[in-house]
Trainee: 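Mind having a look at this structure? Questions to follow.
The analysis underlying the following values was restricted to heavy atoms, covering all of them including side chains, and did not include hydrogens, waters or symmetry mates. In what follows, chains carry the letters A, B, and so on, assigned in the order in which the sequence lines appear, proteins first and then strands, with residues in each chain numbered from 1.
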Protein chains: 2
Amino acid sequence: MNYSTSEEDYIKAIYRLQENQSTVGTNELAAELKTKPASITDMLKKLKAKKLLHYQPYRGFRLNEEGTKVALTIIRRHRLWEYFLSEKLKFGWNEVHDIAEELEHVGSHTLIERLDKYLGFPRFDPHGDPIPDPAGKLQVVDQIKLTELPLDVKAKVSGVTDQSANMLELLKHRHIAIGTSIVVKKKFDFDQSVEIKTDRNSPFTISEQAAKNIYVQYEPRS
Amino acid sequence: MNYSTSEEDYIKAIYRLQENQSTVGTNELAAELKTKPASITDMLKKLKAKKLLHYQPYRGFRLNEEGTKVALTIIRRHRLWEYFLSEKLKFGWNEVHDIAEELEHVGSHTLIERLDKYLGFPRFDPHGDPIPDPAGKLQVVDQIKLTELPLDVKAKVSGVTDQSANMLELLKHRHIAIGTSIVVKKKFDFDQSVEIKTDRNSPFTISEQAAKNIYVQYEPRS
DNA sequence: TTATATTTTTAGACAAAGCTAAAAATTAAT
DNA sequence: ATTAATTTTTAGCTTTGTCTAAAAATATAA
Ligand SMILES: [Mn+2]
Ligand SMILES: [Mn+2]
Ligand SMILES: [Mn+2]
Ligand SMILES: [Mn+2]
């Protein structure tokens, strides 16, 4: 089957939202895609007709097996292009997303497989997110939130959940990137903020809000 | 200004057609784009409203300066991607066109400039066609048709006009590619067919139809 | 358990891009 | 100079994907 750019973006957004919740709502998806709820209902009918999701009017929706597979191939394309842009064209990790958002819709199967090979079969994109394999299997990563890391244990930054411009700016300012070594020196119970130490900086404090969006792994990367 | 995928394909097709003739017709463009004449008329009105071409109903049309500039930036994107696909991803020169036809519509300006740099500022695409520079200037190439090459003068294949699958198959079979050294041994006045000799083959004959689509240059490449 | 608020769907419109069939203009042929 | 053939445009319909405003369903609160 072949899907339109719009359909692909909807599928991808539903996948993203249903990772946390068990079922996705209309308003929520409308906000995610910056469209209006009415448009969501329309598209849901089409995607249901194409048997990509379970959907009971008023009851919310969820991708089925086929829909999930489609989502993962789009995510694969997206993340491979992000890797290309960052690794080969030297874009900053905060610049790659928007361009990949367009490139991901170029359909050719061979294109993606050759790109993958050319890039050396990378397993993580520049944001630390795993790249699904050709069959749509996702690497399981043993990463934990920075807020869950025990005191004085050295770990490496492996991913960032919130990839908004604001968050990326904060990380850039603190010289935190994928691979940065990091140790939590203190947690303040008052506001859950954490004091951390990286190789390149003297200790500093970041908010809980920031910390819970940063993922780390114990030393050896899987 | 920003143009839709359709608009870009129309502009590019008009550019291609008006290279030979002074003015382009509706049926002609419809054939080129595999659409119906009525659709052409509709789109022409839009492009005229956007001031990209001269157009008098029933009288034909032609890109103006602005339209030509737009056409050349699309062609630039197309040919840079073709070069990438062929050079980096090892696609055959007969496979790159269709994929580039999609990639060319990804708009980011920086993307194209960085891609250009990454590729080492190539000046010709895999079919031997010149890549417009960032300002939209086209290399002038001193190439002539194989039919115009004098007898026994060594030249190099520099381009192919007809890039249909059939033509490319013929060239592949004869081991003719961009850069191949070639000498015309004889021209048959009866049907204008030419006998040629390449490095890798004993002499053989090709039709006028094929020969006039092959362009060659005298030894030093500009 | 009614009343109120929120969420979701429906109804009706619109712009982009395409098509078919019919009308109009232009060109070519008697 | 008519008539015939060809080219081009117009009129009217269709499909996607979007929107606003109103109606319906569900959830929350008094
Ligand atoms: Mn996208
Ligand atoms: Mn990413
Ligand atoms: Mn195209
Ligand atoms: Mn080409």
Trainee: Does OP1 or OP2 of C:dT10 have a side-chain N or O of A:Lys45 closer than 4.0 Å?
Mentor: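 Affirmative; the distance criterion is met.
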Trainee: Between B:Lys50 (NZ) and C:dA15 (P), how many Å, whole number?
Mentor: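 Value for this atom pair: 14 Å.
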Trainee: Measure up the A:Trp81 and B:Phe84 rings against each other and bin them: parallel (under 30°), tilted (30 to 60°), perpendicular (over 60°).
Mentor: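 A:Trp81 and B:Phe84: tilted rings.
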Trainee: So, OP1 or OP2 of C:dT6: does either fall under 4.0 Å of a side-chain N or O from A:Asn27?
Mentor: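 No, no such contact exists.
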Trainee: Counting heavy atoms from C-beta on, name the nucleotide in D:dT8, D:dT18, C:dT8 closest to the side chain of A:Met43.
Mentor: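 Closest of the options to the side chain of A:Met43: D:dT18.
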Trainee: Over 60° means perpendicular and under 30° means parallel, so tell me whether B:Phe61 and B:Tyr55 are parallel, tilted or perpendicular.
Mentor: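 Ring orientation of B:Phe61 relative to B:Tyr55: perpendicular.
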Trainee: Taking atom types as modelled, is there a side-chain donor on A:His173 or A:Glu169 under 3.5 Å from an acceptor on the other?
Mentor: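 Side chains of A:His173 and A:Glu169: no pair found under 3.5 Å.
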Trainee: In terms of side-chain heavy atoms of A:Tyr10, which of C:dC19, D:dT8, D:dT18 is nearest?
Mentor: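 Among C:dC19, D:dT8, D:dT18, the one nearest the side chain of A:Tyr10 is D:dT18.
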Trainee: Tell me which nucleotide among C:dC19, D:dC19, C:dT26 gets nearest to the side chain of B:Arg59.
Mentor: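 The answer is C:dT26.
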Trainee: So if I take every side-chain heavy atom of B:Glu7 and compare against C:dT9, C:dC19, C:dA17, which nucleotide ends up nearest?
Mentor: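 Of the options given, the side chain of B:Glu7 lies nearest C:dA17.
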Trainee: Can you see if the side chain of B:Tyr55 gets near the phosphate of D:dT9 - specifically, an N or O under 4.0 Å from OP1 or OP2?
Mentor: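 For D:dT9, OP1/OP2 do have a side-chain N/O of B:Tyr55 under 4.0 Å.
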Trainee: Please confirm whether the shortest side-chain N or O distance from B:Ser4 to OP1 or OP2 of C:dA17 is below 4.0 Å.
Mentor: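 Yes, B:Ser4 has a side-chain N/O under 4.0 Å of OP1/OP2 on C:dA17.
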Trainee: Within the structure, does a side-chain N or O atom of B:Lys46 lie under 4.0 Å from either OP1 or OP2 of C:dA16?
Mentor: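 False: B:Lys46 side-chain N/O out of range (4.0 Å or more) of C:dA16 OP1/OP2.
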Trainee: Is there a side-chain contact between A:Ser39 and the phosphate of D:dC19, meaning an N or O under 4.0 Å from OP1 or OP2?
Mentor: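 Result: yes.
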Trainee: Could you check how far CD of B:Gln56 sits from P of D:dT9, rounded to whole Å?
Mentor: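 In whole Å, D:dT9 P and B:Gln56 CD are 11 Å from each other.
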Trainee: Among the nucleotides C:dA17, C:dC19, D:dT9, which one has an atom lying closest to any side-chain atom of B:Thr26?
Mentor: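 Of the candidates, D:dT9 comes closest.
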Trainee: Whole Å only: how far is the CG atom of A:Asp42 from the C1' atom of D:dT16?
Mentor: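 Checked: the CG to C1' distance equals 10 Å.
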Trainee: Whole angstroms only, please: what is the CZ-P distance between B:Phe61 and D:dT8?
Mentor: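 Whole-Å distance recorded here is 8 Å.
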Trainee: The side chain of A:Ala38 lies closest to which of these nucleotides: D:dT7, D:dT20, C:dT20?
Mentor: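 In terms of side-chain proximity for A:Ala38, the closest of D:dT7, D:dT20, C:dT20 is D:dT20.
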